[in-house]
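One structure below.
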Amino acid sequence: MTAHPESSPPGIPRNEGIRTLLAIASQGDPGQRLHIADVLGGLAQGAFGMFLLLAILPAFIPLPGVAGALSGPLVMLIGMQMLIGLRSPWLPRAIARRGPRRSTLHRFVGKLQRPLTWLDSLLKPRLSLAIEPLPARIFTGLLLLVLGLLLSLPIPFTNYLFGFQLMLFALALLERDGRLMLLNWIGGVVAIAFFGISSGQLLTYLTQLGNSLLS
């Protein structure tokens, strides 16, 4: 959703528009690799949202284990940085110079064109209390950290589910839409309760991690 600066109310940042950003990113040489640092460096706002969007791309690749191995740790990195209060991502050099090919973004846009078009017509900057204040960013970071951990675990048939849910987090951050973020908070808590606690895998992992740290 693109908006001209003069059309935005005073004090509300201009929408960067996820479809517009992805369309620009997917143009040009399909074989060209887009470095994450270059993509995020061109954003005036919402860098965490775009970083999250790039991080979850493997979740939409129908190969078992790919999303957990690639997307899970990246989502956890984003969540941890938001949890400690960073306002923009810090990129380790090994991650900064990596990124998807334009052809991968093009396939992603094509696969999700209809839902993105529908969401694009609904999203707008609002309810900044769920986006801007430090407590809101910390809570979002906590949810992303745990959801990234769940994505890393071998829970069957959850790649697309977690991928779509995390895409909604990315949309909320990109478009500064606090109403969508509130819905994400509810959905995130439900997902953590259902897939994490009920399956027992999250508790088992956290117990093992705690024991390893204490030993």
Side-chain angles (χ1 to χ4, degrees), residues 2 13-61 63 65-112 116 131-132 134 136-153 159 162-176 181 184 209:
T2 44
R14 184 175 72 87
N15 271 351
E16 292 176 302
I18 192 168
R19 283 193 308 123
T20 301
L21 287 171
L22 289 177
I24 293 173
S26 63
Q27 293 170 359
D29 181 7
Q32 179 185 4
R33 187 172 295 278
L34 299 169
H35 294 159
I36 293 178
D38 295 335
V39 175
L40 301 188
L43 296 180
Q45 62 178 47
F48 271 122
M50 179 53 71
F51 189 12
L52 180 58
L53 186 72
L54 295 176
I56 64 170
L57 286 177
F60 295 91
I61 300 175
L63 293 176
V66 172
L70 297 178
S71 294
L74 286 177
V75 174
M76 292 173 67
L77 174 64
I78 295 167
M80 179 62 70
Q81 292 187 25
M82 295 188 69
L83 185 59
I84 64 176
L86 296 186
R87 296 195 67 89
S88 59
W90 171 79
L91 298 176
R93 182 173 298 181
I95 295 176
R97 306 316 298 171
R98 296 180 181 273
R101 298 187 185 277
R102 288 184 186 270
S103 57
T104 303
L105 283 178
H106 182 74
R107 290 195 300 271
F108 175 78
V109 173
K111 182 180 294 187
L112 298 175
L116 282 176
I131 299 290
E132 294 294 340
L134 181 60
R137 289 185 281 118
I138 288 175
F139 186 63
T140 298
L142 176 62
L143 290 178
L144 290 178
L145 179 63
V146 180
L147 289 172
L149 176 57
L150 284 174
L151 185 59
S152 301
L153 298 176
N159 278 14
F162 285 133
F164 188 75
Q165 184 174 38
L166 290 167
M167 186 186 73
L168 294 180
F169 272 95
L171 278 164
L173 291 170
L174 268 171
E175 305 288 6
R176 326 301 289 179
M181 185 59 77
N184 288 335
L209 180 61

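In what follows, residues are counted from 1 in the order of the sequence shown. As a basis for the values below, the full set of heavy atoms in this structure was taken, side chains included, without hydrogen atoms, waters or symmetry mates.
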To the nearest 0.5 Å, tell me how far Ile78 CD1 sits from Leu144 CG. 7.0 Å

Nearest 0.5 Å, please: how far is CG in Leu174 from CE in Met50? 5.0 Å

Value rounded to 0.5 Å, distance of CG in Leu70 from CG in Leu151: 10.0 Å

Please round to the nearest 0.5 Å and tell me the distance separating atom CG of Leu150 and atom CG of Leu145. 10.0 Å

Closest non-hydrogen atom pair between Leu52 and Leu166, with its separation: CD2-O, 3.5 Å

Looking at side-chain heavy atoms only, is the closest gap between Leu147 and Phe169 below 4.5 Å? yes

Nearest heavy-atom contact between Met76 and Leu149 is CG-N, 3.5 Å

So side chain to side chain donor-acceptor pair (under 3.5 Å) across residues 140-149, not counting sequence neighbours, yields Thr140-Trp185

What I'd like to find out is whether the side chain of Asn184 reaches to under 4.5 Å of the side chain of Gln165, using heavy atoms alone. no

What heavy-atom pair brings Ala170 and Gly49 nearest, and what distance separates the two atoms? CB-O, 3.3 Å

Listed pairs under 3.5 Å, donor-acceptor, residues 79-91 side chains, sequence neighbours left out:
unit_1	atom_1	unit_2	atom_2	d
Gln81	OE1	Trp90	N	2.6
Gln81	NE2	Trp90	O	2.7
Arg87	NH2	Glu132	OE1	2.8

With rounding to the nearest 0.5 Å, note down the distance linking CG in Leu77 to CD1 in Ile95. 5.0 Å

Taking CZ in Phe164 as the centre, count heavy atoms belonging to other residues, nucleotides or ligands within less than 6.0 Å. Is the count above 12? no

Arg176 CZ to Ile131 CD1 distance, which is reported to the nearest 0.5 Å: 6.5 Å

